[in-house]
Amino acid sequence: MTEPDGHSEAAPEDDGSSPLPILIAIGLVGVILLVSVILRACQSDRFNDAAGVGRAVVGQNDALQRENYADFRTYTCAAEQGAEADVLGAQRQSTTAKGARYVDDVGGLAVTGDRATATVVYHFEKTPDDKVTTTVNLFRENGDWKVCSPAPR
């Protein structure tokens with residue numbers, strides 16, 4: 001129909017659509033993203049602890065194999081550092097008797113605040129098939145994990 005001014009005006013049509021389903025979908029995506037971020041944050045703490053503990057165990061062992069007391073101290077808690085001559089002397093005796101010591105596995109991590117335990121599997125160069133499994137205590141000092149157990153000799 002034509003209006004008196006010459007323009008035709010169509011009546012608005014109601015197509016039955018509503019923005020509600022789209023708003024619900026956006027809300028669900030938001031909730032899923034929020035849950036995902038929270039879970040990642042929790043898992044990243046666990047991952048960071050495992051990485052830090054592994055780094056401390058392997059770093060301490062490597063420092064002893066190289067007879068590098070300064071690096072040994074980096075990965076060892078203050079209570080277990082001992083005197084340089086004693087630590088390196090014991091390491092030399094162990095190396096002479098059994099060969100170099102290798103870390104095969106670090107697992108069984110249990111963290112409680114700034115304390116942790118891990119199950120570490122070692123072997124010595126002269127007896128590679130004889131695995132030595134020990135529980136290692138670690139403390140977080142100044143944000144870094146440090147081994148606080150004597151290493152097998």
Side-chain angles (χ1 to χ4, degrees), residues 14-153:
D14 183 10
D15 62 2
S17 65
S18 167
L20 187 60
I22 293 173
L23 293 175
I24 290 172
I26 291 171
L28 285 174
V29 168
V31 169
I32 290 169
L33 287 174
L34 180 63
V35 169
S36 175
V37 166
I38 290 170
L39 288 175
R40 274 185 198 240
C42 293
Q43 289 175 343
S44 91
D45 287 346
R46 178 87 172 135
F47 175 76
N48 289 339
D49 286 338
V53 164
R55 185 174 33 255
V57 169
V58 171
Q60 183 200 51
N61 188 70
D62 179 64
L64 285 171
Q65 301 315 300
R66 292 181 294 110
E67 296 183 20
N68 185 326
Y69 184 73
D71 283 354
F72 169 78
R73 289 184 58 184
T74 299
Y75 299 106
T76 306
C77 74
E80 286 292 324
Q81 289 178 3
E84 181 174 2
D86 295 339
V87 169
L88 296 181
Q91 179 60 33
R92 286 182 194 112
Q93 286 179 338
S94 175
T95 302
T96 299
K98 299 179 179 181
R101 183 183 56 245
Y102 299 94
V103 176
D104 292 327
D105 187 38
V106 179
L109 179 63
V111 177
T112 305
D114 287 340
R115 295 176 181 263
T117 58
T119 303
V120 180
V121 180
Y122 298 95
H123 78 269
F124 290 92
E125 181 179 27
K126 293 182 180 179
T127 55
D129 295 330
D130 294 340
K131 305 297 181 186
V132 177
T133 302
T134 186
T135 299
V136 174
N137 296 312
L138 299 105
F139 295 133
R140 191 178 350 235
E141 294 179 354
N142 300 320
D144 292 323
W145 287 106
K146 310 280 183 165
V147 175
C148 207
S149 294
R153 299 190 196 268

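The first residue of the sequence shown is numbered 1, and numbering continues consecutively from there.
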Subject >> Check: Leu138 main-chain N/O paired with Lys146 side-chain donor or acceptor under 3.5 Å >> reply: no
Original post:
Taking all non-hydrogen atoms of both residues, which atom of Gln81 and which atom of Val87 are closest, and how far apart?
Top reply: O-CG2, 3.2 Å
Original post:
Can you check whether Trp145 reaches Asp49 side chain to side chain, under 4.5 Å on heavy atoms?
Top reply: yes
**OP:** Look up atom SG in Cys148 and atom CD in Gln60, then write down how far apart they are to the nearest 0.5 Å.
**Re:** 9.5 Å
Original post:
Between atom CZ of Phe124 and atom CG of Asp129, what is the distance when rounded to the nearest 0.5 Å?
Top reply: 14.5 Å
Subject >> Minimal non-hydrogen separation, Ser149 against Asn137, with atom names >> reply: OG-N, 2.8 Å
**OP:** To the nearest 0.5 angstrom, please state how far the OG1 atom of Thr119 sits from the CG atom of Leu109.
**Re:** 9.0 Å
Subject >> Any donor-acceptor N/O pair, Arg101 side chain to Gln65 backbone, under 3.5 Å >> reply: no
**OP:** Could you pull out the closest heavy-atom pair between Leu64 and Gln91, with the gap in Å?
**Re:** O-CG, 3.2 Å
Original post:
Is there side-chain contact between Pro128 and Tyr102, with heavy atoms separated by less than 4.5 Å?
Top reply: no
Subject >> Close side-chain approach of Val147 and Glu80, heavy atoms under 4.5 Å >> reply: no
**OP:** May I ask you to test the Glu84-Arg73 pair for a side-chain heavy-atom distance under 4.5 Å?
**Re:** no
Original post:
What is the distance from atom NZ of Lys131 to atom NE2 of His123, rounded to the nearest 0.5 Å?
Top reply: 5.0 Å
Subject >> Interatomic distance, Thr127 atom OG1 to Glu125 atom CD [nearest 0.5 angstrom] >> reply: 9.5 Å
Original post:
What is the minimum heavy-atom distance between Thr96 and Lys126, and which atoms define it?
Top reply: O-NZ, 2.7 Å
Original post:
Does CZ belonging to Arg55 count more than 12 external heavy atoms closer than 6.0 Å?
Top reply: no
Subject >> Nearest atoms (heavy-atom pairs only) where Ala63 meets Phe72 >> reply: CB-N, 3.3 Å
Subject >> Closest non-hydrogen atom pair, Gly59 against Tyr75 >> reply: C-CD1, 3.4 Å
**OP:** Find out whether Asp62 and Asp71 are in side-chain contact, i.e. whether some heavy atom of one side chain is under 4.5 Å from a heavy atom of the other.
**Re:** no
Subject >> Separation between OH of Tyr122 and OG1 of Thr134, rounded to the nearest 0.5 Å >> reply: 7.0 Å
